[in-house]
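We count ligands from 1, going down the list as the structure has it; atoms in each ligand are counted the same way.
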Amino acid sequence: MGSLVIAGAGYGGVMAGLQFEKALRPFVIVNKHSYHQFITWLHEAAGGRHRVEDYKVELSEVFRQRDSSVAKDTIVSIDRASRKLIGKKTEYPYDYAIIALGSAPEFFGIPGLVDYSMQLRSLETARQIRTHIEQQFAAYREDRDPRRLRVVVGGAGLTGIEFVGELADWLPELCNKFGIPNHSFGIQNVEAAPVILPALSTNLQNKARDILEGKGVRIRTNTKIIKVMQDTVYLESDEIIEARTIVWTGGVRANPLLKEAGFTCDGRGRAQVNEYLQSIDDEHVFVIGDCSSFLSTGRPLPPTAQLASQMGETVAANILAHMNQGVMTPFEPKILGTLASLGRDVGVGLVGNLQTSGVPASIAKELTKVKYLWQLGGLRMISRNRKSIVRGSNSREKELASDD
Ligand code: NAD
């Protein structure tokens, strides 16, 4: 029996592993951390909604069959000639590999962004952003430097917009906690394009903008960031914004390992795959999620969690078919909706073709959490996370109380 290695335990990798478990097919899943992180909810973790550690689940809780093996290691290269994934600790020979190594921030060569901005891309960076903001508010009590209470978020895609929504609800709490007048903080979202949330309709974009502006967020479209230095953002209009917290959410590109390993990649570093999610360069390598350039109506699919999960399911079935000289199934993406939270209680988005906004959108978004936890581990996983990330929790309040 050939060996199966999954590189990456994000949404795609985990879903593929669960399918192999169902099929009683042993595999190794290699991941940088011992846990799976809920990346799509990181804005909540960074924005103070619940405890940061609530946004992860140990892989040993997800994969419970004796034959599956979780390796905590970081893949640094792919040796296609000898069919090995090379980790920092050891090598992983494969007959079939699934590359599900996610994405990295896209900086577009903008000077200073790498060094002087923070990015919301992992549990660690969410914790870093959250701690940094809290420290700024605490330090403001000592020196009254107004830059400490200013947050600039570059990019108004889903990540940037969901994050400023969380901040709008959280920063007033920090003001209370540190005895700072509530109107003294400022949140700006700076977007180069004419609109926010380009994935949604004009109607929903306008609703989102109204809701956020109603919560005190300054939304600045047609405003391009051209340089970032320590505590300073430079705009194309020559304006300079001084802020102690600068977060970049201006886009993503695929993990660079694919290009380095010689796979045929698109402009965003995504490896081209055929209809079965199999690399066009190597029939023993399948590429999914943010790493994969799967063309649908002539364009690559967007890098979203729902598509990565669907790809994980298809790819596992296809590898089992390929191994057994069976027939593989073409991947058929189903975009079930797109929902953006705008803080803790409201949101906007599409459920199927139905537009929703306000509290119903927020409830729909919470239901997607329950659905995902169900996929991950049924009732066991839902009840494990019920008191934390799913609506109605008080873990954040407990944490705030224990901080004092
Ligand atoms: P994105 O690419 O969707 O948005 C980045 C935004 O930054 C764009 O609107 C772009 O115009 C803007 N931008 C780029 N350069 C700029 C500059 N110099 N100055 C100002 N603005 C600039 O990135 P994202 O929000 O990180 O999302 C990445 C992917 O992940 C997307 O496909 C998204 O759909 C997906 N995602 C999904 C969810 C969800 O389903 N809830 C949440 C987060 C992200």
Worksheet item: Taking only heavy atoms of G157, which atoms of ligand 1 are found under 4.0 Å from at least one of them?
Response: 3 (O), 4 (O), 6 (C), 25 (O)
Worksheet item: Between H43 and S341, is a side-chain hydrogen bond (donor to acceptor under 3.5 Å, both in side chains) present by the stated rule, with each step listed?
Response: CA-CA 9 Å; H43 56 279; S341 66; 3.2 Å; yes
Discussion item. Within ligand 1, which atoms have a heavy atom of P303 less than 4.0 Å away?
Written reply: 29 (C), 30 (O), 32 (O), 35 (C)
Worksheet, complete the sentence: The side chain to side chain contact (heavy atoms under 4.5 Å, CB included) partner of N31 among L59, T74, I6, V14 is L59
Discussion item. Can you confirm, on distance only, whether ligand 1 has an N/O atom lying under 3.5 Å from any N/O atom belonging to E191?
Written reply: yes
Response to the item:
If we number the atoms of ligand 1 from 1 as shown, the ones under 4.0 Å from a heavy atom of E162 are 41 (N), 42 (C)
Worksheet item: So, do R220 and E191 sit near enough that their side-chain heavy atoms are less than 4.5 Å apart?
Response: no
Worksheet entry | Contact with ligand 1 for W248, non-hydrogen, under 4.0 angstrom | yes
Discussion item. Check this for me: does any side-chain nitrogen of one of R268 and D266 sit under 4.0 Å from a carboxylate oxygen of the other?
Written reply: no
Worksheet item: Starting from atom 20 (C) of ligand 1, which protein heavy atom do you reach first, and at what distance in Å?
Response: A192 N, 3.2 Å
Worksheet item: Would you say the side chain of V153 lies within less than 4.5 Å of the side chain of T249, judging by non-hydrogen atoms?
Response: yes
Fill in: Residues D290, R270: salt bridge by 4.0 Å N-O rule
no
Fill in: R384/E61 ion pair, N-O < 4.0 Å
yes
Item to complete: Fit a plane to each ring of Y372 and H36, take the angle between them on a 0 to 90° scale, and name the class: parallel (under 30°), tilted (30 to 60°) or perpendicular (over 60°).
Response: tilted
Worksheet item: Aromatic ring centroids of Y276 and H322 under 6.0 Å?
Response: no
Worksheet, complete the sentence: Under 4.0 Å from one or more heavy atoms of G250, ligand 1 contributes atoms 5 (C), 7 (O), 14 (C)
Item to complete: In plain terms, say whether K369 and E366 are close enough for a salt bridge, that is, a side-chain N and a carboxylate O under 4.0 Å apart.
Response: yes
Fill in: Heavy-atom nearest neighbour of atom 27 (O) of ligand 1 within options T221, T159, V233, L42
T159
Worksheet item: Counting each atom of ligand 1 from 1 as listed, which ones have a heavy atom of L339 under 4.0 Å away?
Response: 41 (N)
Discussion item. I need the single residue from Q136, Q135, H132 that forms a side chain to side chain donor-acceptor pair (under 3.5 Å) with T245. Which is it?
Written reply: H132
Worksheet entry | Nitrogen or oxygen of K365 less than 3.5 angstrom from that of ligand 1 | yes
Worksheet item: For ligand 1, is there an atom lying under 4.0 Å from some heavy atom of G154?
Response: no
Worksheet item: Nearest to atom 28 (C) of ligand 1 by heavy atom, N222, V252, T40: which?
Response: V252
Discussion item. Please check whether L158 reaches ligand 1 - meaning an N/O of the residue sits under 3.5 Å from an N/O of the ligand, judged on distance alone.
Written reply: yes
Worksheet item: For ligand 1, which atoms, with element, lie under 4.0 Å from some heavy atom of I110?
Response: 18 (N)
Worksheet entry | Close approach of T223 to ligand 1, heavy atoms, under 4.0 angstrom | yes
Worksheet item: Can you tell me if V190 has a non-hydrogen atom under 4.0 Å from ligand 1?
Response: yes
Item to complete: Check the side chains of Y94 and H284 for a donor-acceptor pair under 3.5 angstrom, ignoring hydrogens and angles.
Response: no
Worksheet item: Less than 6.0 Å separating the ring centroids of F178 and Y140?
Response: no
Response to the item:
So the atoms of ligand 1 within less than 4.0 Å of a heavy atom of K224 turn out to be 18 (N), 19 (N)
Worksheet item: So, is I225 polar-close to ligand 1, with some N/O to N/O distance under 3.5 Å?
Response: yes
Item to complete: Would you mind listing which atoms of ligand 1 come within a distance below 4.0 Å of any non-hydrogen atom of G251?
Response: 2 (O), 5 (C), 23 (O)
Discussion item. Taking a cutoff of less than 4.0 Å between a non-hydrogen atom of the residue and any ligand atom, is T338 in contact with ligand 1?
Written reply: no
Discussion item. Tell me whether ligand 1 is touched by D290 - counting only heavy atoms on the residue side and a distance under 4.0 Å.
Written reply: no
Worksheet item: Is there any N or O on R268 that sits under 3.5 Å from an N or O of ligand 1?
Response: no
